Amino acid sequence: MQVEKYAIENHNSDLLAKHTRKYEFIASDIANVKEVIQKLKDFQVAIPSWALGTGGTRFGRFSGGGEPRNLEEKIEDVGLLHKLNQSGGAISLHIPWDIPQDATAIKTLAAQHGLRFDAVNSNTFQDQADQALSYKFGSLQHVDKAVRRQAIDHNIEVIKHGVELGSDSITVWLSDGSCFPGQLNFRKAFQRTLESLKEIYAALPSNWKLFVEYKAFEPNFYSMTVGDWGQSLLYANKLGPQAYTLVDLGHHLPNANIEQIVSLLLGEGKLGGFHFNDSKYGDDDLTVGSINPYQLFLIFNELVEGMDARSMNHATDLGWMIDASHNVKDPLEDLLQSVEAIKIAYAQALLVDTKALQQAQEQSDVARAQEILQQAYRTDVRPLVAEARLQSGGALDPLGLFRNNKVREQLIKERGQKTVATGL
Ligand code: LRH
Ligand code: MN
């Protein structure tokens with residue numbers, strides 16, 4: 001299923017007059033508007049291969065039809081999103097859900113859609129049919145050396161797949177932990193996990209990064225062996241310069257100050273990247289910016305301030321990835337909304353008058369500091385994000401075009417109503 005260039009041009013010509021009016025209105029107030037637009041054009045978000053179908057919970061899963069039946073169709077869907085918003089130029093694979101049968105062919109197909117491969121993800125949180133030993137009681141932490149060996153070998157296998165595809169990083173998220181007091185010796189579990197990660201780290205090509213993703217709870221509900229940012233940082237520091245922490249927004253305890261965590265990890269030079277989503281309670285994996293858009297803005301405010309303080313390249317020096325699950329929305333519409341929310345938060349953060357904010361902070365002028373932040377947050381930056389898309393050849397209203405062109409209906413015609421994609 002392709003969205004042709006002329007379809008985007010027709011769509012844009014209908015919306016151009018209204019867009020130009022709104023864009024010129026906001027641009028007239030922004031001295032460095034060209035720089036802001038260029039930064040928005042360069043900012044690409046990786047789409048998770050495991051979130052292109054309908055997600056579910058233990059209580060149920062309600063498939064929507066036309067879902068990708070294999071990796072090739074997943075790449076087509078990510079390519080379609082990228083064609084619409086020119087902002088999702090990368091795909092993040094999860095192994096073994098998306099093992100490429102022919103890596104060269106898959107790489108070529110992705111390139112045809114303007115896509116590169118972002119971090120590859122290992123999976124030692126499920127037992128595969130052909131697996132010898134179970135991960136019921138963990139993987140890299142397991143008391144049985146043979147289970148740890150099996151998990152280490154899997155991660156090294158995942159790195160090999162990534163190298164073939166041109167990826168340059170691996171995300172290790174461990175479901176390891178315990179459900180009851182007394183079940184685990186925390187110190188020994190930490191030590192075994194560290195020793196196991198060291199073997200995976202040793203297998204990294206010299207230009208690769210290893211992202212240690214932390215999570216407060218689920219599927220273990222008493223302790224997680226990589227349970228918070230501090231534990232993840234401990235591992236990353238003990239592993240070496242190619243190891244970093246990965247912040248999944250849904251992996252924190254209620255009311256955690258994630259923007260402060262981001263600021264400190266960035267200050268330590270150990271922030272590797274993000275899994276963007278939103279949540280109200282637990283790891284809800286909801287649409288980015290759908291529950292707490294102000295928190296997302298505050299996180300990007302810390303990112304822009306912290307990355308500029310270290311002269312980092314906003315577009316390339318951190319891993320920008322989505323990790324969501326679509327239980328009630330069309331997966332592709334949900335992803336279009338998530339990418340839009342990320343670009344809006346980034347644009348708002350780029351409008352923060354950092355000099356004035358630093359001055360207010362130096363003077364402990366608390367009210368003024370809030371006014372400066374909220375001036376940016378309360379600015380409707382959507383015309384800036386749309387202008388960046390337009391200049392990159394995308395649609396002014398990706399979701400509108402997706403619907404008006406009945407893309408889902410066409411996917412169902414091509415693939416059928418009952419197709420189910422691999423993933424969560
Ligand atoms: C764990 C997680 C991890 C993935 C999985 C799909 O909750 O965030 O990043 O491996 O979701
Ligand atoms: Mn995640």
Side-chain angles (χ1 to χ4, degrees), residues 45-58 61 74 90-99 117-128 135 138-141 151 154-155 157-159 161-162 167 169-177 197 200 209-221 223-229 231-232 235-236 244-253 256 258 261-262 265 271-279 281-288 296 299 318-327 331 334-335 338 342 421-424:
V45 181
I47 305 298
S49 64
W50 60 91
L52 294 164
T54 304
T57 71
R58 57 187 166 163
R61 178 182 181 149
K74 288 188 175 190
I91 183 169
S92 184
L93 296 191
H94 218 299
I95 307 291
W97 292 334
D98 303 300
I99 293 179
F117 289 92
D118 205 308
V120 284
N121 298 264
S122 59
N123 177 342
T124 58
F125 51 85
Q126 292 172 327
D127 289 345
Q128 307 304 321
Y135 294 133
S139 60
L140 301 185
Q141 78 169 20
H154 164 70
N155 278 277
E157 183 72 23
V158 171
I159 293 171
H161 285 297
S167 172
S169 54
I170 179 172
T171 296
V172 178
W173 170 67
L174 301 174
S175 59
D176 294 27
L197 284 169
I200 299 167
K209 293 177 177 177
L210 184 152
F211 298 143
V212 181
E213 182 178 3
Y214 60 88
K215 185 173 182 179
F217 63 93
E218 189 209 33
N220 276 295
F221 296 103
S223 77
M224 294 286 279
T225 301
V226 189
D228 63 23
W229 69 280
Q231 295 171 47
S232 174
Y235 287 111
Y244 298 83
T245 64
L246 185 136
V247 177
D248 184 312
L249 301 191
H251 288 187
H252 300 83
L253 294 173
I258 303 176
I261 293 169
V262 166
L265 290 172
L271 177 63
F274 287 85
H275 278 180
F276 290 112
N277 46 56
D278 209 339
S279 51
Y281 304 106
D283 188 19
D284 310 343
D285 278 345
L286 300 175
T287 315
V288 182
L296 187 66
I299 289 170
L318 288 181
W320 310 113
M321 297 166 273
I322 289 173
D323 181 2
S325 175
H326 324 290
N327 302 350
D334 199 332
L335 289 164
S338 282
I342 291 166
T422 54
L424 276 183

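Heavy-atom basis, side chains included; hydrogens, waters and symmetry copies ignored. Remember, it's 1-based here, ligands and their atoms both numbered in the order they're listed. Computed from a predicted structure; not experimentally measured.
Geometrically, ligand 1 and D283 share a nitrogen or oxygen pair separated by less than 3.5 Å. Any N or O atom pair closer than 3.5 Å counts here, and E213 shares at least one such pair with ligand 1. The shortest N or O to N or O distance between D248 and ligand 1 is below 3.5 Å. Polar contact with ligand 1: present for H275 (N/O pair, distance under 3.5 Å).
Exactly one of D118, T171, N121 qualifies for a side chain to side chain donor-acceptor pair (under 3.5 Å) with S92. That residue is N121. Screening D248, D283, T225 for a side chain to side chain donor-acceptor pair (under 3.5 Å) with K215, the sole residue that qualifies is D283. Of the listed residues (V120, I99, L93), just one forms a side chain to side chain contact (heavy atoms under 4.5 Å, CB included) with H161, and that residue is I99. Each of T124, N123, V212, L197 was checked for a side chain to side chain contact (heavy atoms under 4.5 Å, CB included) with V172, and the lone residue meeting it is L197. None of I170, T245, L246 except one satisfies the side chain to side chain contact (heavy atoms under 4.5 Å, CB included) rule with F211; the exception is L246.
The closest approach of E213 to the Mn ion (ligand 2), by N/O/S atoms, is made by OE2.
The nearest N, O or S atom of H275 is closer to the Mn ion (ligand 2) than 2.8 Å.
Listed by atom number, the atoms of ligand 1 under 4.0 Å from H94 heavy atoms are 4 (C), 6 (C), 10 (O). The distance from ligand 1 to the heavy atoms of W50 drops below 4.0 Å at these ligand atoms: 6 (C).
Annotation: side chain of I322 is in contact with side chain of I342 (closest heavy-atom distance under 4.5 Å).
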Candidate pair V247 and I258, rule side chain to side chain contact (heavy atoms under 4.5 Å, CB included), full reasoning: CA-CA 9 Å; V247 177; I258 303 176; 4.1 Å; yes
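Taking a 4.0 Å cut-off on heavy atoms, H251 registers as neighbouring ligand 1. The shortest heavy-atom distance from N121 to ligand 1 is not under 4.0 Å.
Closest non-hydrogen pair, V226 versus E213, comes out as CG1-O, 3.8 Å.
Taking the Mn ion (ligand 2) as the apex, the angle formed with OD2 of D248 and OD2 of D323 is 90°, to the nearest 10 degrees.
Contacts between T171 and ligand 1 below 4.0 angstrom, taking non-hydrogen atoms only, are absent altogether.
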